[in-house]
Amino acid sequence: MQSGQLPLSELASPFDLQSTLESGQSYLWWRADGNDYEGGLYGGNNWYRTTTEVDDEHAVIAVCQTDECLKWRSHIDAEPILRDRLRLDDDLTAIRQGAPDDRIVEAAFEAYQGMRLVQEPPFQTLVSFICSAQMRVARIHGMQQALREAFGTPVEFDGETFFSYPTPGQLAEATEQELRDLSLGYRAPYVKRTAEMVRDGTDPADARERPYEQAREHLTQFVGVGQKVADCILLFSLGYTEAVPLDTWIRKIIDRYFPDCERGNYEETSRALRARLGGEYAGYTQTYLFHYLRHAEDPPE
DNA sequence: CCCCAGGCACCTC
DNA sequence: GAGGTGCATGGG
């Protein structure tokens, strides 16, 4: 067992673990108290866990934020992985300066200071967002937990047994009925067929070689992936910070705050909102707006 | 009973 | 390419 502490004072910008992991970007971590996505408890001292693979070995990573630092425990040296997956080196000040000077954008950045985009493993993100279609955040997370327990590999950690996220091969071997039994509904065949594609050599990470809009188009070859899900994979896994996924919440936000960006189809509306939100880091701003307006009781005009 | 959730595949035209 | 329809499940 290894452990470490990463002083928050060494980061370029503030950091907030809970909003980063519970803002609907990633469904690949779970809280030690089991109270995922139930809100409250802001202020830290919750351990979050996930798994990773190093040289075909499965490892658990546990992380907890205190007032002064990010503490971690793991089978491996987790610091570089945390730095990467939680984008600890992002300069939020610069990102915020590139965002538009709107009341609603200011309020969102102010409400969740320190929230980062995540950068999660491509296949796991791909499956997570196939499951996300017409589904609530808490249930998407529950589905990923169910997939781990049904098809992942057991990993011992701190005297408990956890499960790795299933590999493409492990998921491809699941039957459609087994996936339906986990309440995946009509997404079950999408997950199975996509897992088969990845197992057989089509790598979602290959999208990285392409410019943004071509990368989005490339990802739609996977079954169950349309433009919106493709944008989520680009934004939350492949480092395309300009990607702006247009889901039901963002469409409400467009109606209310950016009606001039509505262009009647996904591609053009996305392009207009991307420009409106500052271009290069538009997806960062979008993620703040999404999280803020989904929880705000009394949003400003 | 209704409506909705980080939509997509498939079908017309 | 634009526009409809069916699709699973659970919560409010």
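Labels below follow one simple rule: chain letters A, B, ... track the order of the sequence lines, proteins then strands, and each chain is numbered from 1.
- Residue A:F15 comes nearest to A:Q65 through the heavy atom pair O-NE2, 2.8 Å, listed as atom of the first residue, atom of the second, then distance.
- Residues passing the salt bridge (charged side-chain N to carboxylate O under 4.0 Å, His left out) test with A:E267, sequence neighbours excluded: A:R271.
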Worked verdict on A:I250 versus A:L273 for side-chain contact (heavy atoms from CB on, under 4.5 Å): CA-CA 10 Å; A:I250 292 297; A:L273 186 61; 3.8 Å; yes
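- Between chain A and DNA chain C, the heavy-atom contact criterion of under 4.0 Å yields a 5' to 3' nucleotide range of C:dA2 to C:dG11.
- Side chains of A:D84 and A:Q119: a donor on one and an acceptor on the other come within 3.5 Å.
- Taking the P atoms as reference points, C:dT5 lies 24 Å from B:dG6, given to the whole Å.
- Within residues 246-277 of chain A, the residues having any heavy atom closer than 4.0 Å to DNA chain C are, in order of number, A:N265.
- Salt-bridge annotation for A:R193 and A:E176: absent, with no side-chain N of the basic residue lying under 4.0 Å from a carboxylate O of the acidic one.
- One interatomic measurement links the two molecules: CE of A:M135 to C1' of B:dC3, which rounds to 14 Å at whole-angstrom precision.
- At a non-hydrogen distance threshold of 4.0 Å, A:R180, A:S183, A:G185, A:Y186, A:R187 from residues 179-200 of chain A come into contact with DNA chain C.
- Sorted by residue number, the members of residues 226-233 of chain A with any non-hydrogen atom under 4.0 Å from DNA chain B read A:G226, A:Q227, A:K228, A:V229.
- Using a cutoff of 4.0 Å between basic side-chain nitrogens and carboxylate oxygens, A:D102 and A:R276 are scored as salt-bridged.
- In this structure, CG of A:L21 is placed 18 Å from P of B:dG6, rounded to the nearest angstrom.
- Computed from coordinates, the A:I140 CD1 to B:dC4 C1' distance equals 13 Å when rounded to whole Å.
- Under the ring-ring contact (aromatic ring centres under 6.0 Å, His included) criterion, A:F236 pairs with A:F129, sequence neighbours left out.
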